[in-house]
Amino acid sequence: MSDLEAPLRPKRKKIWVDYFVNFRWIIVIFIVLPISFTLYFLTYLGDLRSEWKSYKTRQREHDENVKKVVKRLKQRNPSKDGLVCTARKPWIAVGMRNVDYKRARHFEVDLSAFRNVLEIDKERMIARCEPLVNMGQITRVTVPMNLALAVVAELDDLTVGGLINGYGIEGSSHKYGLFSDTVVAYEIVLADGTLVRATRDNDYSDLFHAIPWSQGTLGLLVAAEIKLIPIKEYMKLTYEPVVGNLKELAQGYIDSFAPRDGDQDNDDKVPDFVETMIYNPTEAVCMTGRYASKEEAKLKGNKINSVGWWFKPWFYQHAQTALKKGKFIEYIPTREYYHRHTRCLYWEGKLILPFADQCWFRFLFGWLMPPKVSLLKATQGEAIRNYYHEMHVIQDMLVPLYKVGDALEWVHREMEVYPIWLCPHKLFKLPVKTMIYPEPGFELQRRQGDTQTAQMYTDIGVYYAPGPVLRGEVFDGAEAVRKLESWMIENHGFQPQYAVSELSEKNFWRMFDAGLYEQSRKKYGAVGTFMSVYYKSKKGRKTEKEVQEAEQAHLETAYAEVDQPVD
């Protein structure tokens, strides 16, 4: 058997959950989609109501809501009340793991009112947003001004708070880094109720660098100032097919945005947007985009494709046509390009509604898409939830750019999941070591894509049912994720914690760096008030006793201590 051949697996005997999953589309069609559409519409009306208010009114309401949060925190009795968490229901989070830590006794703080764009400062090129502002909302405000966040995550429902406390990426991240790298300031309510503003160069600079990836375990985010960039009305998108083995597909992807002469910061050589979709072990389509004016887009001979219409082919399937017709270029309205994967949830929509990509469904019911992820989770039940954990993969692997080929071969051998999404991002060398950090000495290697200030990484998005599951073979999802996590630890990769994780606490802190995070937990009083990031991310139900014991054990664990003398 060659290195790329998947192991032979025995056939798996079907159980009742298999049949329920196969016909789950009935619940989605008649329950999830109508409710999702209603919620989207009501949210849209709420956003419009917010936009009609003056910035002064929004700021006054924000100040009043912050006072309520501070008052609520000060009401907490540490000896009687549980650890602090938000009042959001466990199933509402967009990520695939349920928020199991909320099943234990906890002290709720309601942040549901924090959903306003507080200010668009065109002079400072800053958008000041509350944490529940989502990507659909912010682009609806900024794009008509020919402005946008430097990094706009693709799915409409992703929120500012989730992208900061967790992780966020987009096709512009090869220029600007992850979403949190574009934040200029955080407004945080600490455990004792103190409101602070943290920037990279004020007295709270340590907190500023510790917030990303902390999952809200250092304080409650109530606002953020985020970098804006000037944009144009259209995205000029080039679709380039690539054929070969996985290593050759990886190199084609790298060459699409990383000049071989190392001139990575030259805007003339580096596109504004980059992504690649690998459809099978031998075929991929690389897409590169540059902002274009409406005058350019409407020139004779240029093709405009409004991909946002409900009846249009799903974006990943549209891109796949380049494999047959070859390289082509088209112009997409910028906001529609930003949210190109929303309607089909990348390609997960094909599993949820197998016929939703067909012409008749798109024309008749495409306007109902997509189903809200939160409602899909709320209607799945424990048995289906466990089934998806075992028989389905939704993981992102953040790996150094030069290791993408190796990672693709590993995914093919262990999971056989296609399509695969590739998106590059800078991982900056910072003055302090944060939870995620580049490889030591990367700047001396001068590898393709790297600069003196940042190592180029790639998000490898693995979302779909594995090949063995589609063939009816035995597949151990939990074991596959454990192997994936081990591979990432060995190769200086990182696993975003929105997904289901099998990491032990020791391996969690082998993957991530605990130093600055633990220092900030102690310095700002988070210990004993907010749950640790590992335990908040850990899979499984948590009782009050388990939460308390885990928090105490976390304090006593040697590898999580940062006060040890260095040999």
Side-chain angles (χ1 to χ4, degrees), residues 1-13 18 21 95-97 167 244-251 253-254 276-284 316 346-348 350-351 385-423 457-504 506-508 510-512 537-539:
M1 185 174 69
S2 71
D3 289 342
L4 283 183
E5 286 182 356
L8 296 175
R9 306 171 191 262
K11 289 292 184 179
R12 184 178 67 89
K13 185 177 180 181
D18 291 280
V21 169
M96 287 309 295
R97 64 177 175 87
Y167 113 109
N245 60 40
L246 287 171
K247 286 288 182 70
E248 291 168 337
L249 299 185
Q251 189 58 53
Y253 154 71
I254 294 170
T276 287
M277 286 180 273
I278 299 179
Y279 293 93
N280 57 58
T282 61
E283 294 180 318
Y316 83 96
Y346 288 90
W347 30 88
E348 284 290 315
K350 183 68 175 175
L351 280 178
R385 177 188 175 196
N386 292 335
Y387 177 93
Y388 281 129
H389 287 175
E390 289 294 326
M391 303 295 168
H392 189 250
V393 177
I394 294 188
Q395 295 284 342
D396 284 88
M397 305 168 64
L398 308 190
V399 302
L401 181 63
Y402 72 95
K403 293 187 177 182
V404 169
D406 294 336
L408 291 176
E409 290 184 343
W410 187 95
V411 171
H412 176 80
R413 185 171 58 250
E414 298 292 338
M415 295 179 172
E416 291 184 82
V417 172
Y418 293 97
I420 293 174
W421 186 64
L422 301 182
C423 183
Y457 265 60
T458 281
D459 182 344
I460 301 178
V462 187
Y463 329 122
Y464 210 62
V469 173
L470 296 176
R471 294 191 298 268
E473 299 169 357
V474 170
F475 181 79
D476 187 338
E479 180 61 22
V481 170
R482 279 191 285 269
K483 289 181 179 180
L484 177 144
E485 291 164 344
S486 295
W487 190 94
M488 283 195 282
I489 290 172
E490 293 168 2
N491 290 276
H492 203 80
F494 303 98
Q495 176 193 38
Q497 292 302 300
Y498 77 88
V500 175
S501 171
E502 299 289 340
L503 287 169
S504 66
K506 184 174 183 179
N507 282 337
F508 185 90
R510 286 178 62 205
M511 181 180 289
F512 302 100
S537 303
K538 181 183 176 184
K539 186 178 79 171

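Nothing here was measured: the structure is a model prediction, and the numbers come from that model.
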Practice task
Check His392 against Pro466 and note the closest heavy-atom contact, atom names and distance.
Solution key: CA-CD, 4.0 Å
Handout entry: Pro419 versus Tyr279, closest heavy-atom pair with distance
Key = CG-CD2, 4.2 Å
Handout entry: Sequence neighbours excluded, every pair satisfying salt bridge (charged side-chain N to carboxylate O under 4.0 Å, His left out) that has a member inside residues 483-496
Key = Glu414-Lys483
Exercise for the section: Using the test ring pair (Phe, Tyr, Trp, His ring centres under 6.0 Å), find all partners of Tyr463 that sit at least two apart in sequence or belong to another chain. Expected result: Tyr346
For [X] and [Y], indicate whether the former's side chain and the latter's backbone hold a donor-acceptor pair under 3.5 Å.
X	Y	result
Gln497	Gln495	yes
Glu409	Asp406	no
Lys11	Arg471	yes
Asn245	Lys247	yes

Of all residues at least two apart in sequence or in a different chain, which pass the side-chain hydrogen bond (donor to acceptor under 3.5 Å, both in side chains) check with [X]?
X	result
Asp18	Arg12, Tyr387
Tyr253	Thr458
Trp487	none
Tyr316	none

Problem - Pairwise side-chain contact, Glu390 with Phe475, heavy-atom cut-off 4.5 Å (strictly under) - result: no
Exercise for the section: Decide yes or no for Val500 and Tyr388: does some side-chain heavy atom of the first lie under 4.5 Å from some side-chain heavy atom of the second? Expected result: no
Mind checking the [atom1]-[atom2] spacing from [X] to [Y]? Nearest 0.5 Å is all I need.
X	Y	atom1	atom2	result
Ile489	Asn507	CD1	CG	4.0 Å
Ile420	Thr276	CD1	OG1	11.5 Å
Asn386	Met391	CG	CE	11.0 Å

Handout entry: Test item: side-chain donor near acceptor, Glu502 and His389, under 3.5 Å
Key = no
